Every structure is written in structure tokens, then in C-alpha cells.
Amino acid sequence: MAKGRSPMTDVEDRLRKLRSLGVHKGTAHLKPAPPARRRYPVEDLVAGRVVENEAGAFYLVEETFPLHHAHGAPTLGDLLACPCDVPARLARDPAIADMDYRRAAFLDIETIGLAGGTGTVAFMVGLGFYEDDALRVEQYFMRDFPEEPAMLTALARRLDEMDWLVSFNGRGFDLPILTTRFIMNRMPPRLADAPHLDLLFPARRLWKSRLESCRLSALEKAILGFYRDQADVPGYLVPQIYFDYLRTGDAREIARVFYHNLYDIVSLAALAGHMCRLLHAPDTATAVPGEDLLRAAALLEQAGDAARAEAAYRRAIASPLSPEAREEALHHLAVLLKRQGRRDEAREIWRALAEARYGADVAALVELAKDCEHRQRDYAAALAYTEQALARVQAWPPGAQKTRALAELQRRAERLRGKALAGGGAA
DNA sequence: ACGTAAGAGTGTATCCAACG
DNA sequence: CGTTGGATACACTCTTACGT
């Protein structure tokens, strides 16, 4: 602190500056302009009702969509037609296989910012759930900060009826924020440790390879074929819209946030349906690109669902596919078959891959060499495959990969030459 | 019976995207 | 701003099967 000046002088200086800015009037000058508040209250712009409970009041908006409602290509009933082990594979959480779709909470919140942690408040919570052959969406909205306890109280009551969650990036965003809001309001958090199907991660695995972006808005268009109307707002505008609404009381833009949040929930259900259908019954989904089938197969394979993975690989191979993608599908199918001990079927695929004109499939040649060496003890044939592979790798562009592959193949060739000479010779 | 090596499966570190 | 987990690359361990 400056010499010769008391702390109080310092404070008084600052107060004087603030007074000159009009801050001494408290927040009065920030109060909503009365005319706007009268003309555009949220209650007049978004059909809903004020709900009162022991913690106060908040605004609740409800909407219902029948199961046959089409959201782009999928309908909202698609998900219910899949057995629950499919979302369990998607989420890599076996617990979901025992869950009930009627007790799944589709969750999406709107907040005052992106910074996670304690400072971020969810001013709107969208919650979807299946009920009576419909998808019901409830939107919990606080018209001002003091309404948060009432909003969370009602929300908690509803969440207590739910067993598991479906979200888009909710694991890293929506759920932690909601959990801290409950804690800040001295309420027990809900569903914090519940099984959670976060669609972002399986979506990346399915579409990262062919889509620029895997944001929900991008998937809506590219995968679901759903296009939002003019009422929608981009997510990055949401915090500013809420602050402006708090300041002016003008809820016209808030109406668009309701629309945005509502269709985020509907997209969540539709996307979950599409993804599960893609894994469970790819034949029934319309116009699924071969590449999606290939990625679905790979996902199923990693999830340990060999039967569905095989079906998906075969379906991918039967669809229009780039030569590279077809090669990948065939190779993975062969590995899958080999792992199941179906070596004859696997060998046929590797032969086809090795002979394909476009094929530079070194992996297939290596597999054939392994098969000859270990299964059939035909060292000469194994050596021949290895040398073919060597020739193909020679044509690769220089680099660490090439060096490594060459080294490995040469080791293999050396070993095989030894074995062949040692008398285990070729037929 | 033993040592060796291939193959399969795991673990670690790093990078990146998506959420309003 | 923070949190999450998938992808990637790489090293490592464990199992298996073979040759001696």
C-alpha cells in the first residue's frame, strides 16, 4: 500500500470513482426496463406454467412427442425397439443392459457459460423421458437466480424416478455442473454415479472418420437429416441471451433458447435410437453408408459382441465401399474369425485380400505366413508369403513405419529360411 | 524339462474435441 | 476456463507352443 496513505483513503478513492459511475445506486440502474418487462415476459412467450413448491417458484415448460414422431430420418420409437444390451455396448457399461428405457433421463442443460467448475449455473434444465408411448420433455427454467432452489427441488423429485442418463457430452459438462448446483444448494446430488450413456464418445468412434465435426448440431444434419428452423440459436449465444434477459426482462430471445434446448433433447433420443439401431439391426436403417457399417462393426468388435460385429462387417462388405474401407472390413472380419478358431474361413479372406489387384495388404500376407508356419508347417510357403510382403513394403514411402515393417519381415524371413533348411521343408 | 520367441493382451503418456 | 475419454504410439507382461 502506498506510503502516507491509509487503507481507508484508498477505499474512499475507489468508492468515489464508483460513485461517479453511478454504482452507488446499487443495482438499481441494472433493473430491467419496466416497459420491456411488461411487454415480453417469458410467461407470455413460451407456453408453460409457474410451479410453486416449498423452495419457491420457477417456470416449467412441458412438451410431448409421440413415438412415431419423425426427427429427420429416425423416429422417436427407434430406441425402444432395441434390446438394452445395445446401449450398454455403446456406453461400454454392462450395467445399462439391466436398465429400463422408461427410467432413462435424457438430459441437456443451458448455462451461463462454458467454464466448468463451481462458477457455472444452469439456468435451464431440459429433461426427456419415455412415458405412455411418447417422449415427454420437461424444461425447468429459473426466471432469476433466486428461483434456483425451487427449480432444483422439482428437478430432483423427477430425477428420483430415474435410474440412468442419456446425454451428449454430459459426462464432462452437464452432469458435473448439475452436481455442483445441487451441492451448492445443500441438496444431495442426483444420478451422479448412475449409469450414463454419453453419446459423444460412441458418435466420435462412428463418424469421426468421415465428418468434419461430431458436435450434436453437425450430427443432426449429417446423420439424422434434421434441420432446425430460424427460431434456433447457436449455443455460444446462450449465456449472453440469459444475461440480457435478466437485465431487461425481455424474454423474446429466451424463447429461442427453449426451442434450442427442446430440440437438443429430441435429437438426443433420435440419435440414441439411430445409433442403437445401427448396431442392432443395420438392415432396417435406411440408407446407411457402408463406412458407418464398418465403424459400427469395429465398435461392436471392441465391445466384445462378436456376433453383431460379424454381421455388421459382412453387411459393410456387401455395401458400396471404397477399396481401402473394403480391405479394412475384410481384414477385421478375418481377424474376428481367426480369434473364434474359424481359421479356414479367415484364410480364405486373407487369400482374397492378398490377391486383390488394388491390395497392398501386407497384413494379409503376414497372416498367411503365420498360418503356413504355425498351422500347416509349410515353411517354404510361409517364406514365399513373407517375401511377397517384403516386396510390397519396399514400395512404401520411406519412414519409420517402413523401417520397422522391413525389420520385422526380415526377421520372419530369416527364421523361416532356417526352419525350411532344417528339414521341415516344403511340400 | 527347459529356454526361447511370437502373439495377444495391458498399461502409460500425450493429444484432442465437445459442452454454453 | 475444466472435465472427460477416445485415439495413437509405444513398452511391457503373460501365455502358449515349439525346438532342443
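The structure displayed is predicted, hence computed values, not measured ones. All chains are named by letter (A, B, ...) in the order of the sequence lines, taking the proteins before the strands, and each is independently numbered beginning at 1.
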Could you run down the sub-3.5 Å N/O contacts of the protein with nucleotides 4-8 of chain C?
residue: dG5(C); atom: OP1; partner: R171(A); partner atom: NE; Å: 3.2
residue: dG5(C); atom: OP1; partner: R171(A); partner atom: NH1; Å: 3.4
residue: dG6(C); atom: OP2; partner: R92(A); partner atom: NH1; Å: 2.8

Can you pull every protein N or O that's under 3.5 Å from an N or O on nucleotides 11-13 of chain C?
none

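Between F141(A) and F258(A), the ring centre distance stays below 6.0 Å. Aromatic rings from F106(A) and Y130(A) are positioned such that their centres are separated by under 6.0 Å.
For the pair I112(A) CD1 and dC1(C) P, the interatomic distance rounds to 16 Å; values are reported in whole Å. Atom CZ of F123(A) and atom C1' of dC19(B) are 13 Å apart (whole Å). Distance, L178(A) CG to dG20(B) P: 14 Å, rounded to whole Å. The interatomic distance linking I109(A) (CD1) with dG2(C) (C1') rounds to 13 Å, in whole Å. Nucleotide dA17(B) holds its C1' atom 10 Å from the CZ atom of R215(A), rounded to whole Å. Rounding to whole angstrom units, CG of residue L216(A) and C1' of dA18(B) are separated by 10 Å.
Between the side chains of Q302(A) and R205(A), a donor-acceptor pair is found at a separation under 3.5 Å. At a cut-off of 3.5 Å, with distance as the only test, a side-chain donor of D108(A) or N261(A) sits close to an acceptor on the other residue.
Between Y379(A) and the phosphate of dC18(C), there is no side-chain N or O to OP1/OP2 separation shorter than 4.0 Å.
Geometrically, R136(A) does not engage F129(A) in a cation-pi contact defined by less than 6.0 Å to the ring centre and at most 45° from the axis.
A salt bridge links R295(A) with E328(A): the closest approach of a Lys/Arg side-chain nitrogen to an acidic carboxylate oxygen falls below 4.0 angstrom. Electrostatic pairing of R49(A) and E43(A) does not count as a salt bridge here, judged by no charged N lying under 4.0 Å from a carboxylate O.
Comparing dG7(B), dG19(C), dG2(C) against the side chain of K338(A) picks out dG7(B) as the nearest.
Heavy-atom minimum distance, L219(A) versus C214(A): CD1-O, 3.9 Å.
Among the protein residues, D108(A) comes within range of the sugar-phosphate backbone only, with heavy atoms under 4.0 Å from sugar or phosphate atoms but none that close to a base.
With a 3.5 Å ceiling on both atom-pair distances, dC1(C) lacks any Watson-Crick or G-U wobble partner.
Residue K370(A) places its NZ atom among more than 12 non-hydrogen atoms of other residues, nucleotides or ligands, all under 6.0 Å distant.
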